[in-house]
Amino acid sequence: MFGFKKKEKKPLLIKTKDIFQIIKSDYDDDSAFTLIEFICDNQHYLMGSCVHPPEAEERKENIIFIFQDNVYRTFEEFEKMSYIGSTKVSELEQPVEIVRAGIVGNDTLLKTPWGDKRLADRAVNKDS
């Protein structure tokens, strides 16, 4: 009658090289990016950076990088050693779908991945 329709959530699609640039920029500013969950080839992946131990001061010396179950102490090692199949995650050609962003511990701080403006600004589908 009124034509109300539930708004469909548009997925956030982004290139992984852009995600790595944001993570690196945060690290250079002594900040942790937090974690994101994304889908690539129908598989879910967890990636990002966080402060370790959690109660430590947020500065480079306390930031670790995570890809899946692997933990890296430097950004360079994280970028060099994170692979999906035989391709470095930072060099994937196809965009990935961000499922969750702003993950700290077991909590997701953002209701939608579009809530992270830096990710949204680099989305390949931001105008569609």
Side-chain angles (χ1 to χ4, degrees):
M1 186 164 165
F2 288 102
F4 289 113
K5 197 168 140 180
K6 188 174 183 179
K7 189 174 181 180
E8 185 178 318
K9 289 184 182 179
K10 178 171 62 165
L12 186 141
L13 303 175
I14 187 170
K15 295 224 175 195
T16 53
K17 69 177 182 172
D18 290 329
I19 300 169
F20 272 82
Q21 288 174 352
I22 295 168
I23 293 170
K24 175 72 165 118
S25 175
D26 283 0
Y27 176 68
D28 289 343
D29 291 338
D30 288 342
S31 298
F33 171 73
T34 70
L35 301 177
I36 61 169
E37 179 183 352
F38 67 90
I39 299 172
C40 180
D41 296 330
N42 296 317
Q43 297 290 321
H44 287 252
Y45 297 91
L46 189 66
M47 175 174 84
S49 63
C50 59
V51 174
H52 184 76
E55 64 279 350
E57 182 180 343
E58 193 166 16
R59 36 180 238 222
K60 280 188 180 107
E61 298 81 29
N62 299 328
I63 296 174
I64 60 171
F65 303 91
I66 297 169
F67 181 71
Q68 292 297 81
D69 294 330
N70 299 312
V71 175
Y72 305 101
R73 299 305 263 154
T74 67
F75 178 82
E76 292 74 20
E77 182 184 29
F78 166 60
E79 188 175 36
K80 180 180 174 184
M81 302 300 291
S82 299
Y83 278 83
I84 293 178
S86 60
T87 305
K88 283 184 183 178
V89 177
S90 61
E91 296 175 358
L92 290 172
E93 288 299 319
Q94 80 270 26
V96 298
E97 179 183 349
I98 306 298
V99 179
R100 295 187 301 152
I103 304 168
V104 176
N106 290 324
D107 299 323
T108 303
L109 303 180
L110 301 173
K111 286 176 100 175
T112 169
W114 288 96
D116 185 315
K117 182 159 174 33
R118 297 168 308 158
L119 291 173
D121 285 347
R122 293 179 184 224
V124 297
N125 62 331
K126 62 184 166 196
D127 298 325
S128 53

Task: Test log, rule ring-ring contact (aromatic ring centres under 6.0 Å, His included), inputs Phe67 and Tyr83 - done: CA-CA 9 Å; Phe67 181 71; Tyr83 278 83; 9.1 Å; no
Task: Shared hydrophobic cluster for Met81 and Tyr27 (ILVMFWY, side-chain gaps under 4.5 Å) - done: yes
Open item on the list: Tell me if the aromatic rings of Phe75 and Phe65 count as close, with their centers under 6.0 Å from one another.
Closed with: yes
Open item on the list: Checking the side chain of Asn62 only, and the main-chain atoms of Glu57 only, is there a donor and an acceptor separated by less than 3.5 Å?
Closed with: yes
Open item on the list: Please say yes or no: joined through hydrophobic side-chain contacts below 4.5 Å, possibly via intermediate residues, are Phe38 and Ile66 part of one cluster?
Closed with: no
Task: Hphob cluster co-occupancy, Ile39 + Ile36, side-chain heavy atoms under 4.5 angstrom - done: no
Task: Salt bridge flag under 4.0 Å for residues Arg59 and Asp30 - done: no
TODO: Compare all side-chain heavy atoms of Tyr45 with those of Ile84 and state whether any distance is below 4.5 angstrom.
DONE: yes
Open item on the list: Let me check something: do Ile63 and Ile22 share a hydrophobic cluster, defined by ILVMFWY side-chain heavy atoms less than 4.5 Å apart, either directly or through other members?
Closed with: yes
TODO: Check for a donor-acceptor pair, side chain of Trp114 on one end and backbone N or O of Leu119 on the other, with a separation under 3.5 Å.
DONE: no
Open item on the list: Keeping Gln68 on the side-chain end and Leu46 on the backbone end, is there a donor-acceptor pair under 3.5 Å?
Closed with: yes
Open item on the list: Tell me whether Asn125 contacts the main-chain N or O of Leu13 through its side chain, where contact means a donor paired with an acceptor under 3.5 Å.
Closed with: yes
- [ ] Answer yes or no: is there a donor N or O on one side and an acceptor on the other, between the side chain of Thr74 and the main chain of Glu77, under 3.5 Å?
- [x] yes
Task: Side chain to side chain, Glu97 and Pro11, heavy atoms closer than 4.5 Å - done: yes
- [ ] Determine whether Val99 and His44 make a side-chain contact, defined as any pair of heavy atoms from C-beta on separated by less than 4.5 Å.
- [x] yes
TODO: Using a 4.5 Å cut-off on heavy atoms from C-beta on, say whether the side chain of Ile98 contacts that of Ile14.
DONE: yes
- [ ] Flag yes if more than 12 heavy atoms outside Lys60 fall under 6.0 Å of its NZ atom; otherwise flag no.
- [x] yes
Task: Validation row: Thr112, Leu12 side chains within 4.5 angstrom (heavy atoms) - done: no
Task: Same cluster (ILVMFWY, side-chain, under 4.5 Å), Phe78 and Val89 - done: yes
Open item on the list: Within the structure provided, determine whether Ser82 and Lys88 are in side-chain contact (heavy-atom separation under 4.5 Å).
Closed with: no
Open item on the list: Looking at Asp18 and Arg118, is any side-chain nitrogen of the basic one under 4.0 Å from a carboxylate oxygen of the acidic one?
Closed with: no
Task: Contact check, side chains of Pro113 and Arg100, non-hydrogen atoms, under 4.5 Å - done: no
Task: Expected output: side-chain Lys15 to main-chain Glu93 donor-acceptor under 3.5 Å - done: yes
Open item on the list: In the structure I gave you, are the side-chain heavy atoms of Asp107 and Ile103 within less than 4.5 Å of one another anywhere?
Closed with: no
